[in-house]
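Heads up: the structure comes next, in structure tokens.
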Amino acid sequence: MSETLQLSPQHFVAEGTERRCFRHPDDENCCIKVLHPDSGCDRLWREARYYSRLQRRGVDFRHLTPYRGLIDTSMGKGAIFDLVIDDDAQISRSLHHYLTQNDQRFNAWIADEIENLKQNLYDQWIVFHDLNPTNILVKRLGFDEFRLVVIDGIGHNHFFPVASYSAGIARKKLVRVWNRGYRQWYAGFPLVAGDLKPYPAI
Ligand SMILES: Nc1ncnc2c1ncn2[C@@H]1O[C@H](COP(=O)(O)OP(=O)(O)O)[C@@H](O)[C@H]1O
Ligand SMILES: [Mg+2]
């Protein structure tokens with residue numbers, strides 16, 4: 001019989017619209033995301049399945065967090081992912097946090113980094129549904145050296161997951177999602193939004 005892992009407020013990291021994120025009490029490199037009590041479990045399963053497929057396909061996880069499995073916790077079913085931390089061992093802050101600082105040098109650098117991230121996801125045909133700046137963390141690697149890591153919004157909600165098997169269909173999907181969504185996702189940050197581009201039509 002599998003045991004239930006006790007989570008307590010001291011492990012709490014942050015809360016999104018659907019989930020709460022906790023530090024794994026037994027593994028400092030991992031976090032556990034549990035759904036809010038009123039949400040169905042579908043989302044955890046779908047995301048888990050998609051990440052497992054990506055891992056089997058051997059994609060490069062430089063801009064993603066590896067998925068480590070599901071677990072029963074005192075707060076409900078949870079999904080385990082690698083925790084994103086900075087070079088000083090602090091939990092990395094979100095892109096939204098950095099953009100609200102309105103730092104000129106950061107803003108000048110970030111649009112290119114988002115474009116690189118977009119290209120990486122396209123090349124590896126990794127489908128996403130929401131790349132808003134709260135779903136991307138800015139991992140500090142060293143002085144003036146950062147990397148974007150997507151922690152949420154990856155995958156799709158297709159019941160028949162053709163986009164998980166076909167590079168062509170996956171790319172069509174992610175191009176459509178980005179081209180429809182990016183202006184709205186970055187609407188609060190017009191200086192950066194103005195430098196972002198749609199994917200060329202395919
Ligand atoms: N792998 C991670 N490492 C560090 N912090 C994380 C990680 N995943 C999520 N978080 C934090 O928890 C918050 C909520 O997680 P998220 O997966 O975005 O939940 P939701 O599905 O509710 O939006 C994020 O905005 C981020 O601050
Ligand atoms: Mg989120």
Side-chain angles (χ1 to χ4, degrees), residues 1-57 59-101 110 113-114 117 120-121 126-142 145-157 164 181 185 188:
M1 204 176 77
S2 64
E3 281 184 24
T4 300
L5 187 77
Q6 285 299 317
L7 290 178
S8 57
Q10 83 196 67
H11 303 119
F12 178 72
V13 173
E15 180 158 18
T17 47
E18 289 183 67
R19 303 186 286 188
R20 275 173 302 162
C21 179
F22 293 85
R23 276 192 101 122
H24 196 309
D26 303 330
D27 187 343
E28 58 180 16
N29 297 315
C30 289
C31 65
I32 303 178
K33 299 190 195 186
V34 295
L35 286 168
H36 294 159
D38 49 346
S39 345
C41 254
D42 289 17
R43 160 139 195 229
L44 278 188
W45 290 112
R46 258 202 316 268
E47 187 185 51
R49 231 178 8 239
Y50 193 69
Y51 271 86
S52 303
R53 286 213 182 90
L54 294 180
Q55 281 162 206
R56 278 202 299 274
R57 180 144 71 78
V59 309
D60 170 13
F61 264 65
R62 156 189 324 252
H63 294 290
L64 300 174
T65 49
Y67 162 69
R68 308 288 181 194
L70 295 174
I71 189 166
D72 288 320
T73 80
S74 51
M75 311 264 183
K77 188 69 96 185
I80 308 173
F81 288 91
D82 280 15
L83 187 69
V84 184
I85 47 176
D86 289 346
D87 58 343
D88 61 358
Q90 297 295 310
I91 297 176
S92 302
R93 311 297 298 261
S94 70
L95 176 55
H96 185 272
H97 166 84
Y98 281 90
L99 289 174
T100 53
Q101 311 291 303
I110 196 63
E113 285 304 301
I114 298 171
L117 171 66
N120 182 286
L121 297 174
I126 297 169
V127 178
F128 51 82
H129 54 89
D130 186 356
L131 282 192
N132 87 65
T134 67
N135 285 341
I136 300 175
L137 300 189
V138 179
K139 180 180 172 71
R140 196 185 118 116
L141 302 167
E145 204 190 334
F146 299 90
R147 177 190 296 160
L148 298 184
V149 181
V150 184
I151 44 103
D152 183 25
I154 294 292
H156 55 78
N157 55 12
S164 303
W185 296 333

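Nearest heavy-atom pair across Pro133 and Ser94 is O-CB, 3.8 Å. Closest approach of Cys30 to Asp82, counting heavy atoms only: SG-OD1, 4.1 Å. The two residues Val34 and Gly78 make their nearest non-hydrogen contact at CG1-CA, 3.8 Å. Considering every non-hydrogen atom in both Leu148 and His63, the closest pair reads O-ND1, 2.7 Å.
For CD of Glu28, the number of neighbouring non-hydrogen atoms (other residues, nucleotides, ligands) closer than 6.0 Å is 12 at most. Atom CZ of Arg62 sits in a sparse spot, with 12 or fewer heavy atoms from other residues, nucleotides or ligands closer than 6.0 Å.
Here the side chains of Glu47 and Ile154 are not in contact, with every heavy-atom distance at 4.5 Å or above. Side-chain atoms of His11 and Ser8, non-hydrogen and from C-beta on, do get closer than 4.5 Å to each other. Residues Ile151 and Lys33 are in side-chain contact: their nearest non-hydrogen atoms beyond the backbone lie under 4.5 Å apart. Residues Val138 and Ser92 are not in side-chain contact: their nearest non-hydrogen atoms beyond the backbone lie 4.5 Å or more apart. Side-chain atoms of Arg68 and His24, non-hydrogen and from C-beta on, never get closer than 4.5 Å to each other. With a 4.5 Å cut-off on side-chain heavy atoms, Leu5 and Leu7 count as touching. Considering only heavy atoms from C-beta on, Ile80 comes within 4.5 Å of Ile32 through its side chain. When side chains are defined from C-beta on, Asp152 does not count as touching Asp130, because their heavy atoms never get closer than 4.5 Å.
A distance of 11.0 Å separates OG in Ser164 from CZ in Arg46, rounded to the nearest 0.5 Å. The distance from atom CH2 of Trp185 to atom CD1 of Ile114, rounded to the nearest 0.5 Å, is 11.0 Å. Going from atom CG of Leu131 over to atom CG of Leu121 covers 6.5 Å, rounded to the nearest 0.5 Å. The structure places CZ of Arg23 at 8.5 Å from CG of Asn29, a figure rounded to the nearest 0.5 Å. Going from atom CG of Leu64 over to atom CZ of Phe81 covers 10.0 Å, rounded to the nearest 0.5 Å. In this structure, the separation between CG on Leu83 and CZ on Phe22 is 13.5 Å, given to the nearest 0.5 Å.
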Test side chain to side chain contact (heavy atoms under 4.5 Å, CB included) on His129 and His156 and set out the steps.
-> CA-CA 6 Å; His129 54 89; His156 55 78; 5.9 Å; no
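A donor-acceptor distance shorter than 3.5 angstrom exists from the side chain of Asn132 to the backbone of Thr134, with no hydrogens or angles considered.
Ring planes of Tyr51 and Tyr67: tilted class, angle from 30 to 60°.
The side chain to side chain donor-acceptor pair (under 3.5 Å) test with Arg93 singles out one residue from Gln90, His96, His97, and that residue is His97.
Taking a cutoff of 4.0 Å between a charged side-chain nitrogen and a carboxylate oxygen, Lys77 and Asp72 qualify as a salt bridge.
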